[in-house]
Amino acid sequence: MKLCRFQTAASGSKVGLLLDEAVLDLSAEGIDRISSLLEFEGLMGQLSALAKTASLPRCALDQIKLLSPLDRQEVWAVGVTYLRSKKARMEESDFSATAYDKVYDADRPELFFKALPEKVVPTGEAVGIRKDAHWNVPEPELAFVLNSRGHLVGYTIGNDMSSRDIEGENLLYLPQAKIYDRSCAVGPVIVVGATETDARAWTILLEIQRAGEIVFRGDTSVNQIKRRFADLVEYLFRSQTFPHGAILLTGTGIVPPDGFTLQPDDRIRITISGIGLLENHVMLV
Ligand code: DO4
Ligand code: MG
């Protein structure tokens, strides 16, 4: 089952169930917030029943614009969950290298705040690269969708845009490397009903296009994530409540070569095999 937020030319934001050829408009059932829907007990059963409700309005896919599939959830991220990320972080920094080495093997993961929901960029809109950075990359990541009880109720795709020169200069600059205008994209949909075993079989593919040419292509498997999904969620919810749930980006396992940096107008295409495609172009912010 795929959930989304969308709008039409005539409407504000709505919650929908994405079918092959159309979106079922769940607002006709009084469902107007995706974060509230994700709180339902027996979510899959409820969605299956809604999918069979013939009276629900359908909107053709070419008549809607997809919004990011979150409304009130904070976005957090976990870092250094793939060996590839640990190596890249150690290479880009000098005196902070041991911190990355240690956190990769530590019980406690690296967790950091990434974005407020209203700052998240949906598929089709521009992500940002900072004007004061000269080494910028996308980080294509599986994202957990968590309700307020800390239940992993779905999966989506996240792009943890990052300025590698800023994070490499000094670990204390990490918030500036990670949090700025348009630094986080999430979407296009939330997949409900997949297990950790299903998700670990998925592939993540990153393609970057410049003037119509592919300038970087890389892939990884979700199964390369070193930590158990439940452990990541447990640490995020330790001593912290999320009244509207949260989105957790789970780290990157794809890092372009060191000579590569994003440029304005590049197109970033992130595909996760069980979810779909998150596509954004790049602008200076
Ligand atoms: O420690 C820096 C951030 C790492 C990160 O964002 C990742 O591994 O995806
Ligand atoms: Mg990341």
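Just so you know, ligand 1 is whichever comes first in the structure, and atom 1 is the first atom listed for that ligand.
For the pair N280 (side chain) and A126 (backbone), a donor-acceptor distance under 3.5 Å is absent.
Near Y100, meaning under 4.0 Å from any of its heavy atoms, are these atoms of ligand 1: 1 (O), 2 (C). Within ligand 1, counting atoms from 1 as listed, the ones closer than 4.0 Å to a heavy atom of G251 are 9 (O). Applying the 4.0 Å criterion to heavy atoms of E139 picks out, from ligand 1, the atoms 5 (C), 6 (O), 7 (C), 9 (O). The S85 neighbourhood of ligand 1 comprises atoms 7 (C), 8 (O), with distances under 4.0 Å to a heavy atom of that residue. Of all atoms in ligand 1, listed by their number and element, those nearer than 4.0 Å to a heavy atom of E141 are 9 (O). The ligand atoms of ligand 1 that sit less than 4.0 angstrom from a heavy atom of G79 are 4 (C), 5 (C), 7 (C), 8 (O). Shown in contact with L174 at under 4.0 Å from a heavy atom are these atoms of ligand 1, numbered in order with element: 2 (C).
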Practice item. Could you walk me through whether V145 and I247 pass the side chain to side chain contact (heavy atoms under 4.5 Å, CB included) test, one step at a time? Key: CA-CA 5 Å; V145 180; I247 305 292; 4.0 Å; yes
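In terms of heavy-atom proximity, Q73 sits nearest to D71 at OE1-N, 2.9 Å.
Rounded to the nearest 10 degrees, the angle OD2 (D160) to the Mg ion (ligand 2) to OE1 (E139) equals 90°.
Among the heteroatoms counted here (N, O or S) of E141, OE2 is the one nearest to the Mg ion (ligand 2).
Only the side chain of D160 comes within contact range of ligand 1, with a heavy atom under 4.0 Å; no backbone atom does.
Using a 4.0 Å cut-off between charged side-chain N and carboxylate O, E167 and R89 make a salt bridge. Contact check on E39 versus R33 returns no salt bridge, with no Lys/Arg side-chain nitrogen under 4.0 Å from an Asp/Glu carboxylate oxygen. Using a 4.0 Å cut-off between a side-chain N of Lys or Arg and a carboxylate O of Asp or Glu, R227 and E234 do not qualify as a salt bridge.
Regarding atom 2 (C) of ligand 1, its nearest protein heavy-atom neighbour is E110 OE2, 3.5 Å. Summary of contacts: the protein heavy atom closest to atom 6 (O) of ligand 1 is K178 NZ, 2.7 Å.
Partner of W76 under the ring-ring contact (aromatic ring centres under 6.0 Å, His included) criterion, out of Y235, F144, F113: F113 alone.
Residue-ligand proximity: K86 is placed with every non-hydrogen atom at 4.0 Å or more from ligand 1. In this structure, Y82 does not count as a contact residue of ligand 1, since none of its heavy atoms falls inside 4.0 Å of the ligand.
Annotation for K102: atom NZ does not count as buried by contact number, only 12 or fewer foreign heavy atoms lying within 6.0 Å.
Considering only heavy atoms from C-beta on, T220 stays 4.5 Å or farther from R84 through its side chain. Proximity of D25 to F6: side-chain heavy atoms (C-beta onward) are separated by under 4.5 Å at one or more points.
For T81, no nitrogen or oxygen atom sits less than 3.5 Å from a nitrogen or oxygen atom of ligand 1, counting backbone and side chain alike. The shortest N or O to N or O distance between V80 and ligand 1 is below 3.5 Å.
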